[in-house]
Amino acid sequence: MKGDLKMHRKQKGSTRLLSALTLTGLILTGALAGAGPAIAGKSDGNPPPGPTTGSTLGQETYRPAYHFSPAKNWMNDPNGMVYHKGIYHLFFQHNPSGNTWGNMSWGHATSTDLVHWQEQPLAISTDTQEDVFSGSVVVDKNNTSGLGTTENPPLIAIYTSAYKDASPHRGLQAQSLAYSLDDGQTWTKYSADPVLNRNSANFRDPKVFWYSTAEGGYWVMAAVEALDHKVLLYKSTNLKDWTALSEFGPANATGGLWECPDLFPLAVDGDPNNVKWVMVVNINPGGVAGGSAGQYFVGSFDGVTFTSETTKPSDALPSGTPVAGFNDGTYNGWAVSNEPGNWKNGPFTDAPAAGTLPGQNLVGGFVGAGLINSFNDGDWPLGSMSSPGFTVDSDYINFLVGGGQHPRASDKLDNTPPPGDLLFNGFEVPDGTTLAEAGWTGTGDLAPSYQPAMTGGDYYIGAKRINTFETGAAPGDDRQGSLTSPEFTLSRNFVSMMVGGGHRSPDSGQVLEAQLLVDGNVVRTLAGDDAGALNWKGWDVSEFAGKQARLRIVDQATGGWGHLTADHVMLTDQAAVPRSDETTVNLVVDGKVVRTATGANSEVLDWASWNVAEFRGRQAQIRVVDNNRFGWGHILADEFTASPQPARPRLNSYDWLDYGRDYYASVSFGNMPEDKRVMLGWMNNWDYANSIPTFPWRSAMSLPREIGLTQTPDGPRLTQQAVKQVDGLASAPSYRNTAGGTITPGTHALPSAASGDVQRIDVTFAPGTAAKSGITVFGNGSSSTAVGYDAATKEVYVDRANSGNVGFHPLFASVDSAPVSVDAQGNVTLRIYVDRSSVEVFAQGGLRTITDQVFPADGAKEVALFAEGGVAQLKSLTVTPMKQAMFLASLKAVNAGGKARG
């Protein structure tokens with residue numbers, strides 16, 4: 001996905017949004033008042049240039065040692081990867097001006113070996129007319145374009161022009177050319193762009209290759225109509241004039257935008273007489289692990305049409321007893337609670353939806369004539385539904401679920417304050433006065449005469465709040481200063497308050513937080529979650545009982561979400577309970593939620609299952625909750641069935657390039673020597689891409705992977721290996737165990753020789769009687785990342801739920817798994833590349849891969865073996881340190897000066 005482009009969603013008219021709204025009995029005034037913070041949240045961001053204070057370029061916290069990352073600023077999709085005259089060229093989506101998505105241009109790096117990359121000057125820049133989105137580069141050897149000469153044939157970039165308001169094509173996406181006559185050093189945009197325009201707002205990501213025929217051949221372009229889930233194939237003899245060939249799709253995973261296609265041939269097990277074609281289609285959201293991912297199809301291509309042999313048919317309903325299906329035009333006795341006063345009786349109305357509702361993208365995956373769909377009147381209205389009571393008489397309840405990915409956070413569905421003492425009168429100072437008259441002091445743009453604000457933020461209480469965006473001489477995220485309250489007595493055990501806006505990691509060099517001061521010292525801090533909605537947070541202050549304290553708001557941040565909002569500070573006897581902005585399906589037993597599920601930010605429903613065997617014979621209800629007003633603030637549900645077996649999610653049956661959370665927009669290099677096929681992807685996920693805690697850069701690429709096709713019982717499927725040049729970075733092994741041994745239940749740290757955060761680990765083990773077994777990396781005794789095998793599900797998994805810093809985004813913590821069978825000897829073999837902030841796992845010779853970012857605790861380098869619920873057997877283990885491949889010149893210069901970090 002290209003950043004802040006949205007799949008769907010019509011916003012409600014501002015007049016209705018700005019009126020007072022009843023939210024579960026509480027009047028919330030001005031729920032969307034002020035567009036400032038919302039706009040600021042999408043801004044490009046522009047932290048101060050240069051590396052983190054005290055860090056050498058290439059040695060910053062979380063900086064990869066042998067994965068490509070730009071020296072600074074934002075990066076996403078790899079573009080235009082091509083081999084030319086002994087040089088590998090990597091272009092990439094880049095924001096030259098900031099560390100979040102925006103100003104899309106093509107960055108550029110070059111390498112002679114795919115691992116030592118040198119960043120080059122910006123290649124193709126955004127301008128007043130267009131942003132430069134993804135695409136490909138070809139070597140126009142025969143000068144078919146006429147943009148070079150026979151003696152000096154050009155490199156041609158075919159990219160998507162995302163046209164801005166200043167362009168006569170505003171709002172459209174079309175395919176354009178740029179060319180280079182100096183081997184990719186400089187680029188000129190073609191004067192007659194665009195060369196292919198469908199008058200579409202979502203036509204993008206051209207991948208172009210030469211297709212040889214007996215008559216000579218022609219260029220083929222694969223591009224996507226993102227919302228239609230189609231790959232469109234075109235033909236050209238000169239790269240400038242294109243005619244349609246065929247379309248492919250929709251097929252398999254369609255729960256999000258289709259993007260970044262690729263199409264290429266591969267010989268099965270190296271047999272030139274058995275060649276198949278592979279169609280790669282990246283998708284966001286709707287990936288197997290959630291959010292961004294890449295799927296692939298195996299089939300044939302005749303120069304006109306790609307025919308898939310791996311498209312899966314629609315599945316049948318799982319066996320069992322129907323609980324609710326919504327196919328007779330009624331809710332069959334379910335109790336519906338729609339938001340009072342909503343003009344369309346939303347979000348559920350009084351009857352099931354027949355499918356897609358007005359303003360919604362196409363809804364799919366449901367069964368029969370009706371379903372629960374809370375998009376009535378869009379994402380705005382809130383409500384819930386409850387089934388009649390029933391007796392649990394099966395081991396599983398299976399159902400289809402889709403819509404927003406907003407998990408259940410608490411029992412609190414309203415915005416009511418907790419019992420306690422309100423401080424500062426909730427900032428509701430008399431009209432015509434400011435916090436200056438209320439005894440507050442401040443510095444810079446946060447002088448108290450500018451506060452409180454009456455605009456910005458969502459879910460605040462009353463009419464006034466602190467908002468560091470709406471302050472100073474001119475509102476904006478670059479306003480800076482501090483604001484300090486009068487003293488108050490800590491007379492209760494907790495301080496609870498509503499907080500929204502942005503946050504900054506310690507590595508950013510910026511401070512953006514609410515601070516509690518006791519005896520002049522900062523003893524507690526908190527911040528927003530890069531969101532406009534304020535929510536309840538707080539501190540346990542029982543150790544400071546009876547002391548005097550002050551609240552200080554500090555904003556030293558610039559760029560996107562460089563502001564903080566705060567309201568309703570209270571002294572309370574219990575910890576603050578966050579409002580649950582959930583879109584969920586829940587099982588309620590004895591009045592308590594015992595099982596819960598949410599959507600995956602997808603309009604395509606998929607199967608979910610609850611194991612309910614422990615509740616057999618007890619009364620239960622199903623409760624569907626939509627308590628979210630904003631993006632993906634709706635829930636879809638259908639076909640509840642009591643069953644003896646769990647339903648298998650459809651996503652698990654499709655073929656995926658990678659089963660982790662962080663391998664997206666993956667495409668292959670063009671013009672490779674020896675017809676090798678090498679791919680790499682963006683090592684990030686749009687669910688949290690703008691929030692990962694890295695500075696002054698954001699995002700890295702995966703390792704380059706050589707891919708092939710091998711015959712499996714299901715037919716030819718991809719295998720992947722890191723290119724051999726990656727393993728050329730290996731040092732001598734630091735730890736080796738070839739004798740093996742028993743892995744008893746528990747976690748067993750390996751000797752310090754195995755510790756590290758830049759290494760390759762090769763391990764073979766037999767799960768034996770263990771329910772789970774494997775190895776942990778990035779450990780420190782209290783946190784680690786587990787790479788293991790689940791014997792019950794027959795899956796290799798990466799568990800990063802306790803991997804270090806996971807709190808920067810609610811969707812980051814995860815357990816990601818891939819189906820893997822033990823080999824003929826009952827073993828699992830893993831090759832794991834560990835690189836400061838990532839793990840890339842290649843299982844069973846590369847038949848399955850899992851790529852995940854992790855942000856470990858400082859100094860967490862311990863490696864350990866583990867087993868749960870039984871005994872596993874280690875067969876062999878080798879730990880090999882890897883040499884640094886990036887920013888070597890910077891490190892050499894610093895080492896020469898004696899300032900290198902240890």
Engineer: According to the interplanar angle, ranging from 0 to 90°, do the rings of His94 and Phe92 count as parallel (below 30°), tilted (30 to 60°) or perpendicular (above 60°)?
Structural biologist: perpendicular
Engineer: Side chain to side chain donor-acceptor pair (under 3.5 Å) with Thr851: which residues, sequence neighbours excluded?
Structural biologist: Asp658, Arg705
Engineer: Could I get the full list of side chain to side chain donor-acceptor pair (under 3.5 Å) partners for Asn737, not counting sequence neighbours?
Structural biologist: none
Engineer: Just verifying a value: how many Å separate Met882 CE and Asp757 CG, rounded to the nearest 0.5 Å?
Structural biologist: 13.0 Å
Engineer: What pair of heavy atoms forms the shortest contact from Arg504 to Thr558, and how long is it?
Structural biologist: NH2-O, 2.6 Å
Engineer: Just wondering, do Tyr88 and Val678 contact through their side chains at under 4.5 Å, heavy atoms?
Structural biologist: no
Engineer: Establish, yes or no, whether a centroid distance under 6.0 Å links the rings of Tyr797 and Tyr659.
Structural biologist: no
Engineer: Give me the atom names and distance for the closest heavy-atom approach of Asp816 to Arg661.
Structural biologist: OD2-CG, 3.0 Å
Engineer: Using a strict cut-off of less than 4.0 Å between a Lys/Arg side-chain nitrogen and an Asp/Glu carboxylate oxygen, indicate whether Glu119 and Lys72 qualify as a salt bridge.
Structural biologist: no
Engineer: Taking the side chain as everything from C-beta on, heavy atoms only, tell me whether Val758 gets closer than 4.5 Å to Tyr66.
Structural biologist: yes
Engineer: Do Val820 and Leu847 make a side-chain contact, defined as non-hydrogen atoms from C-beta onward lying under 4.5 Å apart?
Structural biologist: no
Engineer: Listed by chain and number, what are the salt bridge (Lys or Arg N to Asp or Glu O under 4.0 Å) partners of Lys537, not counting sequence neighbours?
Structural biologist: Asp529
Engineer: Are Asn690 and Asp530 close enough that some pair of their side-chain heavy atoms sits under 4.5 Å apart?
Structural biologist: no
Engineer: Please check if the side chain of Asn282 supplies one atom and the backbone of Ala665 the other of a donor-acceptor pair under 3.5 Å.
Structural biologist: yes
Engineer: Quick one, Val798 and Thr785 - any side-chain contact, counting heavy atoms below 4.5 Å?
Structural biologist: yes
Engineer: Could you tabulate the donor-acceptor pairs under 3.5 Å formed by side-chain atoms of residues 800-807, not counting sequence neighbours?
Structural biologist:
| residue | atom | partner | partner atom | Å |
| --- | --- | --- | --- | --- |
| Arg800 | NE | Phe812 | O | 3.0 |
| Arg800 | NE | Ser814 | OG | 2.9 |
| Arg800 | NH1 | Asp662 | OD2 | 2.9 |
| Arg800 | NH1 | Gln853 | O | 2.9 |
| Arg800 | NH2 | Tyr688 | OH | 2.8 |
| Arg800 | NH2 | Phe812 | O | 3.0 |
| Asn802 | ND2 | Ser782 | O | 2.9 |
| Ser803 | OG | Arg800 | O | 2.8 |

Engineer: Look at the side chain of Thr598 and the backbone N and O of Thr584, then say whether any donor-acceptor pair between them is shorter than 3.5 Å.
Structural biologist: no
Engineer: What residues form a salt bridge (Lys or Arg N to Asp or Glu O under 4.0 Å) with Arg63, not counting sequence neighbours?
Structural biologist: Glu60
Engineer: Enter the distance from Tyr789:OH to Ser821:OG here, rounded to the nearest 0.5 Å.
Structural biologist: 6.0 Å
Engineer: For the atom pair CG (Leu657) and OH (Tyr663), what is the distance rounded to the nearest 0.5 Å?
Structural biologist: 6.0 Å
Engineer: Output all residues satisfying side-chain contact (heavy atoms from CB on, under 4.5 Å) with Pro751, sequence neighbours left out; order by chain, then residue number.
Structural biologist: Tyr735
Engineer: State, to 0.1 Å, how close Gly294 and Trp656 come at their nearest heavy-atom pair, and which atoms those are.
Structural biologist: O-CE3, 3.3 Å
Engineer: Distance check, rounded to the nearest 0.5 Å: Met679 atom CE versus Glu706 atom CD?
Structural biologist: 12.5 Å
Engineer: Could you give me the CA-CA distance, side-chain angles and deciding distance for Phe68 and Leu680, then say whether side chain to side chain contact (heavy atoms under 4.5 Å, CB included) is met?
Structural biologist: CA-CA 10 Å; Phe68 174 78; Leu680 61 74; over 6 Å; no
Engineer: More than 12 heavy atoms of other residues, nucleotides or ligands under 6.0 Å from NZ of Lys883: is that the case?
Structural biologist: yes
Engineer: Quick one: does Arg836's side chain get under 4.5 Å of Tyr62's, heavy atoms only?
Structural biologist: no
Engineer: With a 3.5 Å cut-off and no angle check, do the side chains of Glu862 and Ser784 form a donor-acceptor pair?
Structural biologist: no
Engineer: Would you name the heavy atoms of Asp77 and Met701 that are closest together and state the gap between them?
Structural biologist: C-CE, 4.0 Å
Engineer: Does a side chain donor of either Asn79 or Gln93 reach within less than 3.5 Å of an acceptor in the other side chain?
Structural biologist: yes
Engineer: Looking only at heavy atoms, what is the nearest atom pair of Gly286 and Ala253, with distance?
Structural biologist: O-CB, 4.4 Å
Engineer: Just do the side chain to side chain contact (heavy atoms under 4.5 Å, CB included) check on Val523 and Glu543 with the steps written out, would you?
Structural biologist: CA-CA 11 Å; Val523 297; Glu543 66 181 282; over 6 Å; no
Engineer: For Thr880, what residues pass the side-chain contact (heavy atoms from CB on, under 4.5 Å) criterion, not counting sequence neighbours?
Structural biologist: Ala730, Pro733, Arg760, Thr878
Engineer: Do His503 and His809 have side-chain heavy atoms sitting under 4.5 Å apart?
Structural biologist: no
Engineer: Does any N or O in the side chain of Glu840 come within less than 3.5 Å of the main-chain N or O of Leu703, such that one atom is a donor and the other an acceptor?
Structural biologist: yes
Engineer: Nearest 0.5 Å please: distance from the CH2 atom of Trp561 over to the OG1 atom of Thr100.
Structural biologist: 11.5 Å
Engineer: More than 12 heavy atoms of other residues, nucleotides or ligands under 6.0 Å from NZ of Lys861: is that the case?
Structural biologist: no
Engineer: Would the distance check show the side chain of Ser602 and the main-chain N or O of Gly255 forming a donor-acceptor pair, the cut-off being under 3.5 Å?
Structural biologist: yes
Engineer: Could I get the full list of salt bridge (Lys or Arg N to Asp or Glu O under 4.0 Å) partners for Arg831, not counting sequence neighbours?
Structural biologist: Asp727, Asp762
Engineer: Supply the atom-to-atom distance Ser817 OG to Lys794 NZ, rounded to the nearest 0.5 angstrom.
Structural biologist: 13.5 Å
Engineer: If we ignore hydrogens and angles and just use 3.5 Å, is the side chain of Gln721 paired with the main-chain N or O of Gly845 as donor and acceptor?
Structural biologist: yes
Engineer: Has the side chain of Trp117 got a donor or acceptor atom that lies under 3.5 Å from a matching backbone atom of Pro70?
Structural biologist: no
Engineer: Is the backbone N or O of Gly290 less than 3.5 Å from a side-chain atom of Asn685, with the two atoms forming a donor-acceptor pair by type?
Structural biologist: yes
Engineer: Test of understanding: with side chain to side chain donor-acceptor pair (under 3.5 Å), list the residues that count as partners of Ser580, not counting sequence neighbours.
Structural biologist: Glu582
Engineer: Would you indicate whether the side-chain heavy atoms of Thr525 and Val511 approach each other to under 4.5 Å?
Structural biologist: no
Engineer: Could you give the side-chain donor-acceptor pairs of residues 763-775 under 3.5 Å, partners two or more places apart or in another chain?
Structural biologist:
| residue | atom | partner | partner atom | Å |
| --- | --- | --- | --- | --- |
| Thr764 | OG1 | Thr829 | OG1 | 3.0 |
| Thr769 | OG1 | Val871 | N | 2.8 |
| Thr769 | OG1 | Val871 | O | 3.3 |

Engineer: Can you give me the closest heavy-atom contact between Leu729 and Ala885, atom names plus distance?
Structural biologist: CD1-CB, 3.9 Å
Engineer: Could you list the residues that satisfy salt bridge (Lys or Arg N to Asp or Glu O under 4.0 Å) with Asp835, not counting sequence neighbours?
Structural biologist: none
Engineer: If we ignore hydrogens and angles and just use 3.5 Å, is the side chain of Ser410 paired with the main-chain N or O of Pro578 as donor and acceptor?
Structural biologist: yes
Engineer: Listed by chain and number, what are the side chain to side chain donor-acceptor pair (under 3.5 Å) partners of Thr744, not counting sequence neighbours?
Structural biologist: His748
Engineer: Test side chain to side chain contact (heavy atoms under 4.5 Å, CB included) on His406 and Asp581 and set out the steps.
Structural biologist: CA-CA 7 Å; His406 304 289; Asp581 293 330; 5.6 Å; no
